[in-house]
Amino acid sequence: DAGVIQSPRHEVTEMGQEVTLRCKPISGHNSLFWYRQTMMRGLELLIYFNNNVPIDDSGMPEDRFSAKMPNASFSTLKIQPSEPRDSAVYFCASSLAGLAEDTQYFGPGTRLTVL
Amino acid sequence: QKEVEQDPGPLSVPEGAIVSLNCTYSNSAFQYFMWYRQYSRKGPELLMYTYSSGNKEDGRFTAQVDKSSKYISLFIRDSQPSDSATYLCAMRDTNAGKSTFGDGTTLTVKP
């Protein structure tokens with residue numbers, strides 16, 4: 001398997017623009033997580049899905065952020081409008097929930113810069 | 001106060017040193033304890049996993065959990081320059097679908 005795939009790997013945009021981050025989880029995994037990582041705040045869970053259903057979105061910073069998982073093999077995280085403070089590395093991870101170990105496999109991340 | 005607190009570092013050691021990385025937590029319901037390693041500009045990857053209290057050894061790495069003290073550690077013996085990375089502890093309770101991560105400790109092993 002190719003692992004978790006994220007696109008784009010880098011995104012530079014101007015304040016106010018819409019940003020869409022994409023994720024393809026590992027085939028067969030039923031949980032998907034979106035994280036944001038910054039030096040100041042570390043790794044923050046934004047939202048996670050189980051069987052394509054959002055379970056916990058309490059980490060989504062505000063209404064400018066939205067996430068969807070239309071099917072088991074694709075998810076998006078959208079920021080509209082983007083702000084400079086959204087600059088961070090965004091990771092997608094997937095796992096096979098129900099196993100005791102429940103290891104999360106992370107993608108390579110999308111490095112977002114909002115000017 | 002955060003649910004999981006991790007020694008902030010950064011930590012710099014000479015090659016061959018023994019390294020100790022530590023986390024404390026406040027949620028007594030946590031049962032699963034993980035250590036992830038993150039190389040620069042990469043995503044975290046699972047290094048060690050432990051259920052409940054006790055020790056687990058894997059080569060040069062030992063994970064230790066003390067639930068009575070709500071304290072977990074990762075020991076690295078004979079550290080190598082290739083161990084230079086950020087180490088994140090993570091933990092979750094039995095019924096949770098998500099893990100809670102520490103902020104990470106950046107380790108540099110100098111040749």
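We name chains A, B, ... by the order of the sequence lines, and we start the count at 1 in each one. The figures that follow rest on heavy atoms only: side chains count, while hydrogens, waters and symmetry mates do not. Remember, it's a predicted structure, so these values are computed and weren't measured experimentally.
Leu74(B) and Leu46(B) sit in two unconnected hydrophobic clusters of ILVMFWY residues. Membership requires side-chain heavy atoms under 4.5 Å apart, directly or through other members. One hydrophobic cluster, built from ILVMFWY side chains closer than 4.5 Å, holds both Phe61(B) and Leu11(B). Grouping the Ile, Leu, Val, Met, Phe, Trp and Tyr side chains by contacts below 4.5 angstrom, directly or via other members, places Leu21(B) with Met48(B). Hydrophobic clustering (side-chain heavy atoms under 4.5 Å, transitive across Ile, Leu, Val, Met, Phe, Trp, Tyr) groups Val19(A) together with Met15(A). One hydrophobic cluster holds both Ile76(B) and Val13(B) under the rule that ILVMFWY side chains link at heavy-atom gaps under 4.5 Å.
Within a 6.0 Å sphere centred on NZ of Lys67(B), other residues, nucleotides and ligands contribute more than 12 heavy atoms. In Gln80(A), the CD atom is crowded: over 12 heavy atoms of neighbouring residues, nucleotides or ligands sit closer than 6.0 Å.
Using a 4.5 Å heavy-atom cut-off against chain B, the contacting residues of residues 107-115 of chain A are Gly107(A), Pro108(A), Arg111(A). Chain B is approached within less than 4.5 Å, heavy atom to heavy atom, by Asp56(A), Ser58(A) from residues 52-79 of chain A, ordered by number. Proximity to chain B among residues 35-50 of chain A is limited to Tyr35(A), Gln37(A), Arg41(A), Gly42(A), Leu43(A), Leu45(A), Tyr48(A), judged by heavy-atom separations below 4.5 angstrom.
At a 4.5 Å heavy-atom cutoff, the contact between Lys98(B) and chain A is made by backbone and side-chain atoms alike. For Ser99(B), the parts sitting under 4.5 Å from any heavy atom of chain A are the backbone and the side chain alike.
Heavy-atom minimum distance, Phe91(A) versus Gln38(B): CZ-NE2, 3.4 Å.
Looking at residues two or more places apart in sequence or on another chain, you find a ring pair (Phe, Tyr, Trp, His ring centres under 6.0 Å) between Tyr36(B) and Phe106(A), Phe101(B).
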